[in-house]
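Data block below; observations after.
The model shown is predicted, which means the values in this text are computed figures rather than measured ones.
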Amino acid sequence: MVFLSWGSAAIAGSCLPPMPPWMPTNPDDVREYADLLRRDAEAYFADVERYFRCLDQQRREVFEQARGASEDYARVLEFLDDMRK
């Protein structure tokens, strides 16, 4: 007998996109905060890379879950076909 639990599978953790850094438009502010702006931008782009890696990992996990669900469903269909015979 096959037992299936219908519903959505929860994935441990979630990928949250980083917030882009604020960049001033006033040239005086750009000069005044240049070092801070550089650090913020570099941190943002590092966070973007982590975000994309997280999405890739979640995609792999969901793909594996879907593969398992497909195999389970195929067994259910086979069981139903056998019942009709």
Side-chain angles (χ1 to χ4, degrees):
M1 183 173 166
V2 177
F3 176 79
L4 293 178
S5 174
W6 298 99
S8 62
I11 297 174
S14 65
C15 304
L16 297 175
M19 293 293 296
W22 175 79
M23 292 290 154
T25 55
N26 181 314
D28 292 333
D29 291 339
V30 171
R31 275 190 293 278
E32 179 73 25
Y33 300 106
D35 290 336
L36 178 61
L37 296 172
R38 280 189 198 97
R39 283 193 304 268
D40 285 352
E42 289 170 7
Y44 170 72
F45 292 121
D47 289 345
V48 166
E49 288 180 33
R50 278 191 291 277
Y51 171 69
F52 287 138
R53 284 193 300 271
C54 180
L55 290 177
D56 289 342
Q57 179 62 35
Q58 278 193 341
R59 180 185 176 282
R60 284 188 294 275
E61 290 171 7
V62 171
F63 184 82
E64 289 303 316
Q65 289 172 355
R67 184 188 336 245
S70 176
E71 292 167 358
D72 291 344
Y73 186 53
R75 283 191 292 276
V76 167
L77 293 177
E78 184 178 324
F79 176 76
L80 293 173
D81 283 345
D82 289 345
M83 284 181 46
R84 286 185 223 155
K85 294 179 184 178

(request) Run the salt-bridge test on R39 and E42 with the 4.0 Å N-O cut-off and return the result as yes or no. (result) no
(request) Calculate, to the nearest 0.5 Å, the distance between atoms CG and CG belonging to D40 and D47 respectively. (result) 10.5 Å
(message) For E61 and Q65, which I'm curious about, is there any donor-acceptor pair between the side chains at under 3.5 Å?
(response) no
(request) Report the distance from atom CZ of R31 to atom CG of N26, rounding to the nearest 0.5 Å. (result) 8.0 Å
(request) Indicate the atoms forming the closest heavy-atom contact of Y51 with P17, along with that distance. (result) CE1-N, 3.3 Å
(message) Please find the pair of heavy atoms, one from L37 and one from W22, that lie closest to each other, and give the distance.
(response) CD2-O, 3.8 Å
(message) In this structure, would M23 and Y33 fall into the same cluster of hydrophobic residues linked by side-chain contacts under 4.5 Å?
(response) yes
(request) Please determine if D56 and R59 form a salt bridge, counting it only when a charged side-chain N lies under 4.0 Å from a carboxylate O. (result) no
(request) Mind checking the CZ-CG spacing from R38 to D35? Nearest 0.5 Å is all I need. (result) 5.5 Å
(message) Does any part of the side chain of R53, heavy atoms only, come nearer than 4.5 Å to the side chain of C15, both counted from C-beta?
(response) no
(request) Please round to the nearest 0.5 Å and tell me the distance separating atom CG of L77 and atom CG of D82. (result) 11.0 Å
(request) Return the minimal non-hydrogen interatomic distance between Q58 and S14, and the atom names on each side. (result) NE2-CA, 3.2 Å
(message) Testing the basics here: between Y44 and P21, what is the closest heavy-atom pair and its distance to 0.1 Å?
(response) CG-CD, 3.4 Å
(request) Following the transitive rule for hydrophobic clusters with a side-chain heavy-atom cut-off under 4.5 Å over Ile, Leu, Val, Met, Phe, Trp and Tyr, establish whether M83 and V76 coincide in one cluster. (result) yes
(request) Would you indicate whether the side-chain heavy atoms of R75 and F79 approach each other to under 4.5 Å? (result) no
(message) How long is the straight-line distance from CZ of F63 back to CZ of R60, given to the nearest 0.5 Å?
(response) 12.0 Å
